[in-house]
Amino acid sequence: MIDTTHLVEHLFRHRTGQITASLVRVLGFEYLDMIEDVIQDALLKALKTWPYNGTPQNPSAWITQVAKNRAIDVIRRDKSWLDRQPMVVQHINNITHQQNEPDIDQMSDEQLHLMFACCHPAISKNARVALTLKSVGGFSVAEIASAFLTRETTIAQRLVRAKRQLRERRIRLDLPTDEDLPDRLDSVLQVIYLLFNEGYGASTGNQLVRRDLCIEAIRLCQCLVAHPGCAKPTVHALMALLYLQSARLATRVDQAGDLILLSEQDRSVWDMGMIQRGAEHLRRAAVGDKLSSYHLEAEISACHTLSPNYADTDWQSILDCYNTLYQQNASNVVAINRAVALLHVQGAVAAQHVLDELVTNTAIKNYYPYHVTRAAIAEQLGQVNQQQDYLKQALQLAGNATVKRFLIRKLATLIPIAS
């Protein structure tokens, strides 16, 4: 049952966008809700039947076929399709399942077509990202809310508005023209970035690392890099970031699935091939005068991965990058990471002062890394009771089981001292 659940989750992540795109091309975005429902029904049917009947020889094709059959059932019951029913049914039946991965050298992958459609300029920026994560990446509303550090009701409202705009504008599932493509590229990059982040550090669940999400984000970014109209410096910068971060995936957790801090990771296990590819894309990103957030984050990641050991990490360069990032976007996440870098460069008092300025920010106080950073500052200042309090608050807010176990272990080392 556990293996079946993992397989269905894997298919949900990898095939939802593909099946959605295929059905949207036939039915149009006005039936997006129905399409999402039939795919969900197919996945639920897999969860119910596979443990008893056995996993089919081609699970992905099975999911696709069940979703197609369910869509045809809905079409046949819908009177508005009477005149076109035979043609539509034929088109749905013609949707085939590709057993091999799409060629990354061609931007023909329908998931990318769907991504660019969902990132139409008529849709607000935040809604574009939320819609694409939902339709292409198979993200739940809760996961998207976690990525945006906002409420689930807010995300749900954005999705409703975005789908309505897709219907009203009669947006087609086609790649934008060369003239329109740059306007949508930023949102597509943000989607890939958030997809990778959820894989690198899952917001919920029992596993910290979701390697399949990281691989999917890399694949989608490779598709962009391979397309002449999309191979911009910012795309290369994001590609560099994804490779450099992925190089450390094998050391993020131990064999028991427990979190390993960066300072304790075995750097000899890091993937040198990915580091080299990341460095090459970072070099190719150094063209023009635009310094995007992806450039800065890739540079930060390079400082970590290229350092021979943790003690020799160039924290000053990392702090410089975060200072520039904060000038570009004074987000809560950047503020916290900047405080961590400041902790290593100027010490606990300077880092504490930066976080004190954010104390009235309700959103950041509901973000567990804020309290973890506060705990690290308190540890350096020798404030054991405060450190314990911050770790307890982080434990209440953390949604991932791996993170919770780490915080519990950390608290266990403090309780005897604090008492």
Side-chain angles (χ1 to χ4, degrees), residues 6 146-147 193 195-215 217-218 240-279 297-315 318 322 333 336-341 343-344 351 367-380 387-388 390-415:
H6 288 168
S146 176
Y193 175 80
L195 182 65
F196 181 86
N197 280 356
E198 182 62 23
Y200 188 78
S203 56
T204 59
N206 296 321
Q207 295 180 323
L208 179 67
V209 176
R210 296 180 182 177
R211 187 179 293 270
D212 59 336
L213 296 190
C214 295
I215 292 172
I218 289 174
L241 174 62
L242 302 191
Y243 274 133
L244 291 169
Q245 292 290 86
S246 293
R248 309 200 300 262
L249 283 178
T251 59
R252 291 271 288 152
V253 294
D254 61 20
Q255 291 185 343
D258 289 328
L259 173 66
I260 304 176
L261 295 176
L262 179 60
S263 58
E264 300 170 355
Q265 292 176 12
D266 182 357
R267 297 181 178 228
S268 67
V269 181
W270 288 358
D271 190 326
M272 289 305 301
M274 282 195 170
I275 293 175
Q276 290 169 0
R277 288 193 289 273
E297 290 197 42
E299 181 64 31
I300 291 168
S301 188
C303 287
H304 286 301
T305 54
L306 298 178
S307 179
N309 54 66
Y310 187 77
D312 292 333
T313 301
D314 188 355
W315 284 105
I318 291 173
Y322 275 123
V333 176
I336 292 169
N337 288 327
R338 177 170 170 257
V340 172
L343 178 65
H344 286 84
Y367 186 49
Y368 86 85
Y370 167 80
H371 299 284
V372 172
T373 306
R374 280 286 197 181
I377 293 170
E379 182 177 16
Q380 283 208 10
Q387 182 187 3
Q388 184 180 354
Y390 283 125
L391 288 173
K392 286 180 178 178
Q393 291 180 67
L395 181 59
Q396 290 179 345
L397 294 169
N400 184 276
T402 303
V403 174
K404 285 180 177 291
R405 288 198 305 272
F406 170 79
L407 295 172
I408 289 170
R409 291 196 305 273
K410 184 71 174 177
L411 272 168
T413 67
L414 299 179
I415 291 174

task: Under the side-chain contact (heavy atoms from CB on, under 4.5 Å) rule, what do R409 and F406 come out as? Steps first, then yes or no, please.
output: CA-CA 5 Å; R409 291 196 305 273; F406 170 79; 3.8 Å; yes
[atom1] of [X] to [atom2] of [Y]: how many Å apart, nearest 0.5 Å?
{"X": "T204", "Y": "E198", "atom1": "OG1", "atom2": "CD", "result": "6.0 Å"}
{"X": "L397", "Y": "H371", "atom1": "CG", "atom2": "NE2", "result": "5.0 Å"}
{"X": "L261", "Y": "T251", "atom1": "CG", "atom2": "OG1", "result": "11.0 Å"}
{"X": "T305", "Y": "Q276", "atom1": "OG1", "atom2": "CD", "result": "11.0 Å"}
{"X": "I215", "Y": "L195", "atom1": "CD1", "atom2": "CG", "result": "11.5 Å"}
{"X": "K392", "Y": "I408", "atom1": "NZ", "atom2": "CD1", "result": "12.5 Å"}

Minimal non-hydrogen separation, [X] against [Y], with atom names:
{"X": "V269", "Y": "A250", "result": "CG1-CB, 4.2 Å"}
{"X": "A394", "Y": "V372", "result": "CB-CG2, 3.8 Å"}
{"X": "S307", "Y": "T313", "result": "OG-N, 3.4 Å"}
{"X": "I218", "Y": "S246", "result": "CD1-OG, 3.3 Å"}
{"X": "M274", "Y": "Y243", "result": "O-CB, 3.5 Å"}
{"X": "A247", "Y": "I275", "result": "CB-CG1, 3.5 Å"}

Under 3.5 Å, is there a donor-acceptor pair between the side chain of [X] and the main chain of [Y]?
{"X": "Q207", "Y": "G257", "result": "no"}
{"X": "T373", "Y": "P369", "result": "yes"}
{"X": "T413", "Y": "K410", "result": "yes"}
{"X": "N400", "Y": "A202", "result": "yes"}

Mind checking side chain to side chain contact (heavy atoms under 4.5 Å, CB included) for [X] and listing every partner two or more places apart, or none if nothing turns up?
{"X": "V253", "value": "L208, T402"}
{"X": "A298", "value": "A240, L241, L282"}
{"X": "A398", "value": "Y368, V403, K404, L407"}

- prompt: Heavy atoms, side chains only, cut-off 4.5 Å: are E379 and L414 in contact?
  reply: no
- prompt: Considering only heavy atoms from C-beta outward, does the side chain of L259 approach that of R405 to under 4.5 Å?
  reply: no
message: Check the orientation of H344 and W315. Use parallel for under 30°, tilted for 30 to 60°, and perpendicular for over 60°.
response: parallel
Residues in side-chain hydrogen bond (donor to acceptor under 3.5 Å, both in side chains) contact with [X], at least two apart in sequence or another chain:
{"X": "Y200", "answer": "R248"}
{"X": "E299", "answer": "none"}
{"X": "D254", "answer": "none"}
{"X": "R252", "answer": "none"}

statement: Residues passing the salt bridge (Lys or Arg N to Asp or Glu O under 4.0 Å) test with E297, sequence neighbours excluded, are none
- request: Sorted by first residue and then second, give each salt bridge (Lys or Arg N to Asp or Glu O under 4.0 Å) pair with at least one member in residues 265-278; sequence neighbours left out.
  value: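 Residue pairs with at least one partner in residues 265-278: there are none.
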message: If you count heavy atoms of other groups shown closer than 6.0 angstrom to CG of D314, is the number above 12?
response: yes
Restricting to ring-ring contact (aromatic ring centres under 6.0 Å, His included), what partner residues turn up for [X], sequence neighbours left out?
{"X": "Y370", "answer": "none"}
{"X": "W270", "answer": "none"}
{"X": "Y322", "answer": "none"}

